[in-house]
Student: 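Input: one structure, supplied below.
Below, all heavy atoms of this structure are taken into account, side chains as well, without hydrogens, waters or symmetry copies.
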Amino acid sequence: MEDSSKKNEEKKDNLIVMNNLTSKDYAAEREKLRNAYNKKAEKKGRKSIDKVTLMLVMLGVCAVVLTVIFICMLSGIKFDSTEKGSTEEIVANNTATTEVLFVTEQITDSTDEKLTEVTTKVKNPAHDADVEEITYMTKHMNDTWYNMDLYRAVCKDVPDEYFENVCFIGDSRTMGLMEYSILPKWHGFYKVGSTANAACLESAYTLDGDYYTNILNIIASIDYDAYYVGYGTNELGYGDSDKFIEELKIVIDCIKDYHPKAIIYVENILPMSKSYSDNNPSFSNSRANEYNQKLLRMCQEYGDVIYLDIASCMRDSDGAAVYDYISDGLHYTPEGYRKIMEFIRGAVVEKRAGNTEAEK
């Protein structure tokens, strides 16, 4: 009991310090948190079997099996043709499924022109449920990414009750999403024109209408099962996607620090209309795509943060916002926001049963 009270006091003291820091100092505080997470990951990695060693062991087992089969053939032992045919069919099916699961994306980093490959689906289809999940992801979740060792897709639209235990954080697009979602009950903290950095520094949010404070204090004061983080549109004006990512990590690290068991979804940046994009280079769709690539990479580096591809349900064939869903070129119509909420309903993940890392 004393340890718990001491830990809570340390968190409060830490938050007070963070509130008094400059934006530059925030980077140092965030780095301190990141180092703690990295040390934990390294400690876990030392306990696991080296991948190369595991592969060598598997190759050795395969060699032994093939040797036994060869010896049996030389000894005149015959296999039943029907059984052999069934085995070949199973192997073929598994191979085909595996090819679907291991999808590699090529992402170009515009800052250093390096081409990196990211494996987005890594779960071996050992059971029918895994095949169902991949099929569902492909059809309903588009380029949404999550660690399939930690989480699994719910594979259905969630009911309204799900949103009673989640919190949305973001800018004016988050506001529109909440106001037009037609949810009977929702929780959200947002500000028009806000950025991730401004949210951490400005006292622009109210908690139960009692007082104004910044988003870090809000996060420390509330507790939900999942958090949907939606910043980035206003940050397009920076022209610096790396700066945006570093500032967004402050919000994510704060959620992870105070709510380690919560699931964190990072919404990617929605597209603009073609005319708005063409006439506002700082807020163009090409720049939004660049930022989204960095968001995806950030989620994969964390390993336990979900990259939510809400932009995919808003794009037309040219990559701009669907005409019927956009209002002023930047914000969406009520119908558009309801379409986004429909996507969110069908792109929910849950912690994979028996995975101690996801349950922490």
Side-chain angles (χ1 to χ4, degrees), residues 89-108 115-159 162-163 166 177 226 228-230 263-271 285 288-322 325 336-355 358:
E89 183 179 352
I90 292 172
V91 171
N93 290 338
N94 284 343
T95 301
T97 307
T98 303
E99 289 175 353
V100 173
L101 292 177
F102 288 86
V103 178
T104 300
E105 294 182 2
Q106 291 184 334
I107 299 178
T108 303
L115 191 66
T116 59
E117 293 186 348
V118 180
T119 302
T120 60
K121 300 177 178 65
V122 296
K123 186 68 180 177
N124 187 41
H127 307 286
D128 291 341
D130 296 330
V131 177
E132 176 194 10
E133 182 180 6
I134 292 298
T135 303
Y136 183 90
M137 284 180 63
T138 304
K139 185 176 181 180
H140 298 281
M141 300 173 72
N142 299 331
D143 288 332
T144 293
W145 179 90
Y146 61 90
N147 187 334
M148 295 183 70
D149 289 329
L150 301 180
Y151 307 107
R152 75 175 306 277
V154 174
C155 294
K156 63 180 180 180
D157 289 357
V158 296
Y162 165 79
F163 296 98
V166 306
L177 182 63
Y228 288 79
V229 182
I263 298 176
I264 303 174
Y265 297 81
V266 171
E267 303 168 12
N268 62 4
I269 301 172
L270 295 166
N285 286 320
N289 291 336
E290 174 195 339
Y291 277 48
N292 283 339
Q293 290 176 1
K294 294 294 179 69
L295 283 174
L296 171 59
R297 191 170 302 170
M298 179 198 71
C299 291
Q300 292 170 329
E301 289 175 354
Y302 270 111
D304 58 353
V305 175
I306 289 83
Y307 173 78
L308 190 62
D309 186 24
I310 59 174
S312 60
C313 66
M314 291 290 107
R315 293 193 191 100
D316 61 18
S317 58
D318 295 323
V322 175
Y325 294 150
Y337 284 119
R338 288 194 285 272
K339 183 71 174 178
I340 296 170
M341 183 56 69
E342 179 183 330
F343 180 89
I344 291 175
R345 280 182 183 273
V348 174
V349 302
E350 60 187 0
K351 293 178 180 178
R352 192 171 287 276
N355 192 304

Student: Under a 4.5 Å cut-off applied to non-hydrogen side-chain atoms, are I310 and I344 in contact?
Tutor: yes
Student: How about D130 and M148: do any of their side-chain heavy atoms sit closer than 4.5 Å?
Tutor: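 No, side chains not in contact.
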Student: In Å and rounded to the nearest 0.5 Å, what is the NE2 to NZ distance from H140 to K156?
Tutor: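 Between atom NE2 of H140 and atom NZ of K156 there are 13.0 Å.
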Student: Can you say whether the rings of Y228 and Y265 are parallel (under 30°), tilted (30 to 60°) or perpendicular (over 60°)?
Tutor: parallel
Student: Drop me the distance from F343's CZ to S312's OG, to the nearest 0.5 angstrom.
Tutor: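 Rounded to the nearest 0.5 Å, the CZ-OG separation comes to 4.0 Å.
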Student: Could you list the residues that satisfy side-chain contact (heavy atoms from CB on, under 4.5 Å) with E342, not counting sequence neighbours?
Tutor: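 So E342 forms a side-chain contact (heavy atoms from CB on, under 4.5 Å) with K339.
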Student: As an exercise, state the distance from CH2 of W145 to CG of N268, rounded to the nearest 0.5 Å.
Tutor: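 Separation between the atoms: 14.5 Å.
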Student: Could you check if a side-chain atom of Y307 sits within less than 4.5 angstrom of a side-chain atom of N292, using non-hydrogen atoms only?
Tutor: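 Yes - at least one pair of side-chain heavy atoms lies under 4.5 Å apart.
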Student: Do the side chains of R352 and D149 get nearer than 4.5 Å, heavy atoms only?
Tutor: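 D149 vs R352: side chains apart.
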Student: Is the closest side-chain heavy-atom distance between V229 and V305 below 4.5 Å?
Tutor: no
Student: Would you say the side-chain atoms of Y162 pair up with the backbone N or O of R345, donor to acceptor, closer than 3.5 Å?
Tutor: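 Looks like no, no N/O pair under 3.5 Å.
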Student: To the nearest 0.5 Å, what is the distance between CG (D157) and CE (M341)?
Tutor: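 It is 12.0 Å, given to the nearest 0.5 Å.
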Student: Compile the donor-acceptor pairs under 3.5 Å between side chains in residues 314-322 and protein atoms, sequence neighbours left out, one pair per line.
Tutor:
from, atom 1, to, atom 2, distance (Å)
D316, OD1, D318, N, 2.9
D316, OD1, G319, N, 3.0
D316, OD1, A320, N, 3.0

Student: Looking only at heavy atoms, what is the nearest atom pair of E132 and C155, with distance?
Tutor: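 E132 and C155 have their closest heavy atoms at OE2-CB, 4.1 Å.
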Student: Give a yes or no on whether the backbone of L308 and the side-chain of T144 come within a donor-acceptor separation of less than 3.5 Å.
Tutor: no
Student: Can you measure from CD (E290) to CG (N285) and round to the nearest 0.5 angstrom?
Tutor: 13.0 Å
Student: Quick one: are Y151 and E350 in side-chain contact, heavy atoms under 4.5 Å?
Tutor: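 Not touching, per the 4.5 Å side-chain cut-off.
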